[in-house]
Amino acid sequence: MLDIKFVRSNPEIVKKSLEKRNNDPAVVDDFLKVDEERRQKIMVAEELKSKRNKVSEEIGNLKKSGQNADELVLEMRSVSQEIKALDEEVRQVNEKLDSIILGIPNVPHETVPTGKDDTDNRVEEHWGTPREFSFSPKPHWDLGEDLDILDFERATKVTGTRFVFYKSWGARLERALINFMLDLHTTEHGYKEIIPPFMVNRDSMTGTGQLPKFAEDMFHLSNVDYFLIPTAEVPVTNIYRDEIIPEGNLPLYHVAYSPCFRAEAGAYGRDTRGLIRMHQFNKVELVKFVHPENSYEELEKLRKNAEKVLQLLEIPYRVVTLSTGDLGFSSAKTYDLEVWLPYFETYREISSCSNFEDFQARRANIRFRPQGKGKPEFVHTLNGSGLAIGRTTAAILENYQEEDGSITIPKVLRPYMGGLERIEKE
RNA sequence: GGAGAGAUGACCGAGUGGUUGAAGGUGCACGCCUGGAAAGCGUGUGUAGGGGUAACUCUACCGAGGGUUCGAAUCCCUCUCUCUCCGCCA
């Protein structure tokens, strides 16, 4: 969420930001109106409370000295009634204000291109050259099923659509990728490894911004009020919810493997085949808590850390900066890494690296105490996939396929595959 | 799942209806002391939200939410969490 005081004193900036994101800037006017109403009510209520406190003390003193205070007691009885009614009004206004402010997205960073949707994303750079095939490359799902390392059909029987069984070398490849990425980020990039809970409570989902707006994107358990995590970002960012981190501990780098669960409501027609859009997929996630001063340097580093994975795997990709029309609700700036998929003949998102500035931290109340004695300030949070495992598997199958349907294993992964160089039909 | 105990500030720990935002201690910060440090002494040390240019001031907060009362950390109810014992279990 944005800072209420910031919105109050910079309504024009917020309106402009909403316009750039193709949202209705009128909510800012609603906000200002309700904010004013709120302060009015608070003033009246607090005045009465102040009075009650004073008179109550008087009553105490009178009674102690054996004098009669009935008249004051009677008067205060009605004042208390009034206060109760006012408090209720304040509560309602607060709720209204909260729902407005929680619905306002983050203000895009000045370097974010203005645009209406993903077609306006700015391509920053390309890495690697898509391979020339002497045959027509197959989609990863055909490759996987032919090799009997992916089984979509039975997963549909056992669970439903958008689930998959990884089998044999497919399972091993998936596991190899997880370990390879975790090893890279912990030993080369300085991240601390975390295995988080795969379910979280409502407060955590609100802390990172999935709730209240995006409830339909998640799986919610029916016998407890827990949600399956849509990304490790949720439990890992919430580690420090309602805490004050000693300034000397910043920056904190965490890397977490987790399965991710997404309802994918509203994605019915899209990516119905293959590993691209599943209800459950694996991901290695990078999360940073940093000093506000250098969060944009940290974003560049984060992006480089994620890119390193694709470089070592030797798979072509490009980097784009999301335009204001494509930018996520909580993000001030996001780079997407898009991997080359030969069958699709296109680049597809495989990592999303974002700087949320203090948007999440304010919501989750994650702070640090600046040097000496100052007031606690919100940290900046960042996260990025490092990478989505399922999509990486898809990219390996498609980019490393041979004409006979076998898959060459990228060199860096071979130590994780017992030295295997190629997955072939058994 | 059954039985019991508990939840107070950065931490420990007093406090059962009226200057308790909260004793005392620890820690921390600053100052004095010292050649320097330790010890000692002194001062200070929560968060959020209103009002005010400001000094400052008001309100709320003792796990959470309700209730009783002129007045609640203190009494009542509900919930959550933690601990101990039993049961179950990877």
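Sequence lines set the chain letters: A, B, ... in the order given, protein chains first and strands last, and positions in each chain run from 1. Just so it is clear, the structure is predicted and the values come from calculations on it, not from any experiment. Excluded from the calculations below are hydrogen atoms, water molecules and symmetry mates; all remaining heavy atoms, backbone and side chain alike, are included.
Summarising the base pairing, B:U69 is matched to no nucleotide, lacking a Watson-Crick or G-U wobble pair whose two defining distances lie under 3.5 Å. B:C30 is paired with B:G42 under the criterion used here, namely a Watson-Crick or G-U wobble arrangement in which both key atom distances are under 3.5 Å. B:U59 is paired with B:A48 under the Watson-Crick or G-U wobble criterion, all donor-acceptor distances under 3.5 Å. In this structure B:A14 sits in no base pair that meets the Watson-Crick or G-U test at under 3.5 Å. In this entry B:C89 has no Watson-Crick or G-U wobble partner, no candidate having both defining distances under 3.5 Å. The partner of B:U84 is B:A3, judged by Watson-Crick or G-U wobble contacts that both fall below 3.5 Å.
Between the CG atom of A:Asn201 and the P atom of B:C81 there is a distance of 10 Å, given to the nearest Å. Rounded to whole Å, the distance from NZ on A:Lys5 to C1' on B:A48 is 9 Å. Atom NZ in A:Lys49 sits about 15 Å away from atom P in B:G49, given to the nearest Å. When the P atom of B:G50 is taken as reference, atom CD of A:Glu36 falls 11 Å away, rounded to whole Å. Atom C1' of nucleotide B:G71 and atom CG of A:Asn61 are separated by 12 Å, given to the nearest angstrom. The interatomic distance linking A:Glu57 (CD) with B:G17 (C1') rounds to 15 Å, in whole Å. What separates NZ of A:Lys84 from C1' of B:G71 is a distance of 14 Å, to the nearest Å. Residue A:Arg241 contributes atom CZ, which lies 13 Å from atom P of B:C81 at whole-angstrom precision.
Taking the six-membered ring for Trp and the full ring otherwise, the centers of A:Phe289 and A:Tyr240 sit less than 6.0 Å from each other. In this structure, A:His279 has its ring center no closer than 6.0 Å to that of A:Phe261. Aromatic ring centres of A:Tyr191 and A:His254: separated by at least 6.0 Å.
Close to B:G71, at under 4.0 Å from its OP1 or OP2, lies a side-chain N or O of A:Ser80. OP1 or OP2 of B:G50 sits under 4.0 Å from a side-chain N or O of A:Arg38. A sub-4.0 Å separation between OP1 or OP2 of B:G51 and a side-chain N or O of A:Arg39 is present. A sub-4.0 Å separation between OP1 or OP2 of B:C70 and a side-chain N or O of A:Arg52 is absent. The side chain of A:Arg8 contributes an N or O atom lying less than 4.0 Å from OP1 or OP2 of B:G50.
A:Arg91 comes within 4.0 angstrom of nothing in the nucleic acid, heavy atoms only. Residue contacts shown for A:Arg362 are absent, as no nucleic acid heavy atom lies under 4.0 Å away. Residue A:Ile59 is classed as a base contact, given a heavy-atom separation below 4.0 Å to a base. Nucleic acid contact for A:Lys51: none, since no nucleic acid atom lies under 4.0 Å from a heavy atom of the residue. Residue A:Asn53 is in sugar-phosphate contact alone, with no base atom involved, counting any heavy-atom pair closer than 4.0 Å across all strands shown.
As rounded to the nearest Å, B:C89 and B:A5 have P atoms that lie 28 Å from one another. Only the C1' atoms considered, B:U82 is 46 Å distant from B:C33, to the nearest whole Å. For the P atoms, the distance from B:G27 to B:A22 is 22 Å, rounded to whole Å. B:U20 and B:G13 have their C1' atoms separated by 15 Å, given to the nearest Å. With C1' as the reference atom, B:U26 and B:A90 are 42 Å apart, rounded to whole Å. The C1' atoms of B:A60 and B:G9 are separated by 16 Å, rounded to the nearest whole Å. For B:A73 and B:U68, the P atoms lie 16 Å apart once the distance is rounded to whole Å. B:A14 and B:G52 have their C1' atoms separated by 38 Å, given to the nearest Å.
The side chain of A:Ile42 has B:G50 as its nearest neighbour among B:A48, B:C58, B:G50. Each of B:A60, B:G51, B:U47 was ranked by its minimum atom distance to the side chain of A:Met43; first place goes to B:G51. Minimum atom distance to the side chain of A:Ser56 is reached by B:G18, of the listed B:G51, B:G18, B:G49.
A:Arg303 forms a cation-pi arrangement with A:Tyr335, by the criterion of a distance under 6.0 Å to the ring centre and an angle within 45° of the ring axis.
Nearest-nucleotide positions on RNA chain B place A:Ser50 closer to the 5' end than the other of A:Val55 and A:Ser50. The residue among A:Arg77 and A:Arg367 whose nearest nucleotide of RNA chain B is located toward the 5' end is A:Arg367.
Taking both residues in full, the closest heavy atoms of A:Arg241 and A:Ala364 are given as CG-O, 3.2 Å, listed atom of the first, atom of the second, then distance. Considering every non-hydrogen atom in both A:Ala332 and A:Tyr296, the closest pair reads CB-OH, 3.5 Å.
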Query - A:Glu75 vs A:Lys51, salt bridge (Lys or Arg N to Asp or Glu O under 4.0 Å): CA-CA, chis, key distance, verdict - result: CA-CA 11 Å; A:Glu75 191 189 335; A:Lys51 181 180 176 191; 3.6 Å; yes
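Between A:Leu182 and A:Val255, some side-chain heavy-atom pair lies under the 4.5 Å cut-off.
Taking 3.5 Å as the limit, the base of B:G51 and the side chain of A:Glu46 contain no donor-acceptor pair of atoms between them.
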